[in-house]
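Data block below; observations after.
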Amino acid sequence: MLTDISQFDHCRMLVAGDLMIDEYVWGKVERISPEAPVQIVEVEKEEYTLGGAGNVVNNLAVLGAQVSVAGVIGTKKDGDRVLEMFAGLQADTEGVIRESQRPTTRKTRVIAASQHVLRIDRETRREISDATFEKLSSFVQKKIPECDAVLISDYGKGLMTRPFLKNLISLAQKHGKISIADPKGLDFTKYAGVSLLTPNKKEAALAAGMEIRNQDDLFRAGRKLLESTGIQNLLITCGKDGMVLFEPGQEPHVTAEARQVFDVLEPGILWYRFFDQAIGFFCLLGMPRCLPIRQRGIVGKVEPPIVTRNELLAAMGKSSDEILTKYKNLKELTEIAKDLKRRNRKIVLSNGCFDLLHAGHIRLFSASKQMGDVLIAAIDDDASVRSLKGEGRPVISARERVQILSALDSVDYVTVFSYGQLSTVIESIRPDILTKGSNYAPHEVIGNELVEKLGGRVVLIPVRENTSSSDIINGIKAR
């Protein structure tokens with residue numbers, strides 16, 4: 001049994017479910033239509049992300065798992081978008097079948113002035129064709145023996161028919177693979193045999209045919225579903241109040257404590273997105289090759305929805321000396337930045353060596369934080385510092401510099417980049433503001449043209465005294 005989540009790199013997952021595109025249309029409202037008493041939204045930007053089972057794939061890929069996908073999309077532009085985004089995640093799409101008569105499910109959310117104004121759904125609930133069923137059945141029959149776990153994401157869009165579900169679950173049982181299903185509908189018996197079923201509290205109440213008003217009701221509903229549906233284990237998610245795990249012959253197990261959750265769109269969107277991560281975590285943590293399913297505390301504060309390995313380790317009780325929760329690699333930071341942009345959060349980036357932290361740096365970070373919602377500190381790695389400052393530098397390693405910067409309240413995230421890669425960081429994060437000390441001239445700020453090209457700006461923070469890490473270090477050496 002493994003206890004290091006770095007082993008996620010070796011985990012092979014099969015995600016079978018309804019694939020969707022989440023479209024976000026951002027704009028402003030300044031007038032009412034003369035044609036009808038409705039708001040006119042002037043569109044400023046649009047963004048497409050993976051939704052439904054695709055969001056599960058995305059979250060597993062961020063954690064490092066190798067993911068294969070089984071699902072159905074259409075043959076037009078939205079289907080192309082799904083495949084392009086999967087390619088970016090290096091997901092195996094052999095099991096993604098295109099049906100010419102089926103649209104790719106797209107959910108369009110219109111947001112104006114940080115308010116969710118409207119949602120438009122383009123979809124069909126028509127069951128998959130016999131030909132698609134045969135292709136998918138052949139794919140999962142080949143893929144399940146090779147994978148570590150099967151994750152079923154059912155949104156009721158026509159893919160997860162009883163025959164297909166029965167085939168998936170029986171194959172997983174036959175080959176000794178854990179299976180986890182996110183259910184849809186009131187009849188949970190169609191998921192009989194699944195290792196873990198993960199309804200939310202409202203779904204559990206409807207399926208159990210009873211009202212859930214308190215914890216006692218919740219426990220009774222969970223036991224009833226566990227005994228009557230043929231599922232092996234049951235996890236009921238309760239929004240901000242966490243989750244409760246039901247196992248045969250065991251007392252209900254609370255797996256997460258209540259946390260503060262907020263979202264500029266609406267809580268439902270946030271929990272919908274986070275839930276995809278939660279079942280992904282349980283799938284990874286519950287596999288024989290990984291950690292036990294009863295591992296506690298895997299639900300962290302849910303903003304942004306993408307949760308990284310370090311945050312997962314922190315929630316699992318590792319000490320701050322063992323992990324650096326603010327540190328993100330560029331892949332993780334890219335996902336976080338995308339989500340922040342969707343939420344209209346202003347991103348500030350400040351970069352440098354920060355080899356020996358001094359008062360000037362503290363003022364730089366403090367002033368930078370006041371200019372936006374999130375401050376990202378990007379630091380040169382050790383080789384980059386050496387190339388910039390010469391032999392004998394850095395005097396403090398990149399890991400230690402990350403730890404020091406992570407201790408600052410003004411800094412939200414820290415990333416490390418190699419020599420010459422600052423432009424890659426800027427292109428990935430797309431900061432609204434890039435800050436430097438006023439001891440630099442605007443044209444001396446590396447990346448200034450790129451930031452402005454991407455719609456951001458460079459701000460020089462006033463420097464009270466001309467203090468530098470190099471001067472301090474050289475002074476120490478001289479003395």
Side-chain angles (χ1 to χ4, degrees), residues 14-20 22 51-56 69-73 99 102-107 119 121-130 132-133 136-137 140 150-173 178-212 217-218 220-239 243-246 268-269 271-276 278-280 282-283:
L14 171 62
V15 176
D18 295 301
L19 303 174
M20 307 178 191
D22 282 341
N55 192 42
V56 182
V69 190
V72 184
I73 57 175
E99 282 192 359
R102 176 181 294 269
T104 301
T105 298
R106 173 161 41 119
K107 297 185 177 182
R119 195 180 97 178
D121 288 2
R122 299 172 177 89
E123 63 183 24
T124 180
R125 294 182 175 85
R126 185 180 68 250
E127 290 190 1
I128 56 176
S129 67
D130 291 341
T132 298
F133 174 82
L136 285 172
S137 297
V140 299
V150 179
L151 204 155
I152 301 167
S153 187
D154 186 0
Y155 284 82
K157 308 304 179 187
L159 172 64
M160 290 300 166
T161 61
R162 276 187 176 270
F164 189 52
L165 277 168
K166 183 178 180 180
N167 191 24
L168 270 175
I169 296 170
S170 61
L171 281 170
Q173 289 178 315
I178 189 172
S179 57
I180 297 181
D182 171 16
K184 188 71 173 179
L186 302 181
D187 184 6
F188 287 177
T189 60
K190 65 180 180 179
Y191 304 104
V194 75
S195 306
L196 181 70
L197 192 70
T198 58
N200 61 36
K201 185 165 67 173
K202 180 180 179 180
E203 291 168 336
L206 292 171
M210 59 180 289
E211 186 177 357
I212 297 178
D217 290 342
L218 179 64
R220 283 196 296 273
R223 292 189 181 100
K224 179 179 179 180
L225 290 172
L226 190 62
E227 293 167 0
S228 64
T229 58
I231 61 177
Q232 296 179 30
N233 299 279
L234 175 70
L235 177 73
I236 299 179
T237 62
C238 305
M243 308 179 184
V244 182
L245 178 66
F246 297 85
I269 294 176
W271 277 105
Y272 147 73
R273 289 176 63 81
F274 171 69
F275 179 70
D276 291 337
I279 57 177
F282 268 94
C283 203

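What you see is a predicted model, and the numbers here were worked out from it, not measured in a lab.
Atom CE of Met210 and atom CG of Leu218 lie 8.5 Å apart (nearest 0.5 Å). Here the CD1 atom belonging to Ile128 is positioned 5.5 Å from the CG atom belonging to Leu136, to the nearest 0.5 angstrom. One finds the OG1 atom of Thr104 at 8.5 Å from the CG atom of Leu19 (value rounded to the nearest 0.5 Å). Considering OH of Tyr191 and CG of Leu168, their distance stands at 11.5 Å, rounded to 0.5 Å. Rounded to the nearest 0.5 angstrom, Ile236 CD1 and Leu197 CG are separated by 9.0 Å. Interatomic distance, CE of Met20 versus CZ of Arg122, reported as 14.5 Å (0.5 Å rounding).
Side-chain contact between Ile169 and Ile152 is present, with heavy atoms from C-beta onward closer than 4.5 Å. Annotation: side chain of Pro199 is in contact with side chain of Leu234 (closest heavy-atom distance under 4.5 Å). For the pair Leu196 and Ile178, the minimum side-chain heavy-atom distance is 4.5 Å or more. For the pair Thr105 and Asp18, the minimum side-chain heavy-atom distance is 4.5 Å or more.
Shortest non-hydrogen contact noted between Ser137 and Val140 is O-CG2, 3.4 Å. Smallest separation of non-hydrogen atoms from Asp22 and Gly51: OD2-CA, 3.5 Å. The heavy-atom pair separating Ala53 from Val15 by the smallest distance is O-CG1, 3.9 Å.
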Check: residues 221-229 side-chain donor-acceptor pairs under 3.5 Å, at least two apart:
from, atom 1, to, atom 2, distance (Å)
Lys224, NZ, Ala208, O, 2.6
Ser228, OG, Lys224, O, 2.8
Thr229, OG1, Leu225, O, 2.6

Tell me which donor-acceptor pairs under 3.5 Å the side chains of residues 157-164 have, and how far apart each pair is, sequence neighbours excluded?
from, atom 1, to, atom 2, distance (Å)
Lys157, NZ, Glu123, OE1, 2.7
Lys157, NZ, Glu123, OE2, 3.1
Thr161, OG1, Phe164, N, 3.3
Arg162, NH2, Asp187, OD2, 2.4
Arg162, NH2, Thr189, OG1, 3.3

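Other residues, nucleotides and ligands contribute at most 12 non-hydrogen atoms within 6.0 Å of the NZ atom of Lys184. More than 12 heavy-atom neighbours from other residues, nucleotides or ligands sit within 6.0 angstrom of CG on Asp121.
Put simply, the side chain of Arg102 never gets that close to the backbone of Ser129: no donor and acceptor are under 3.5 Å apart.
Here the rule is side chain to side chain contact (heavy atoms under 4.5 Å, CB included) with Leu235, and of Asn200, Asp182, Thr198 only Thr198 fits it. Partner of Ser179 under the side chain to side chain contact (heavy atoms under 4.5 Å, CB included) criterion, chosen from Leu151, Val194, Leu171: Val194.
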> Yes or no on side chain to side chain contact (heavy atoms under 4.5 Å, CB included) for Glu99 and Thr124, after CA distance, side-chain angles and deciding distance?
Replying inline: CA-CA 12 Å; Glu99 282 192 359; Thr124 180; over 6 Å; no
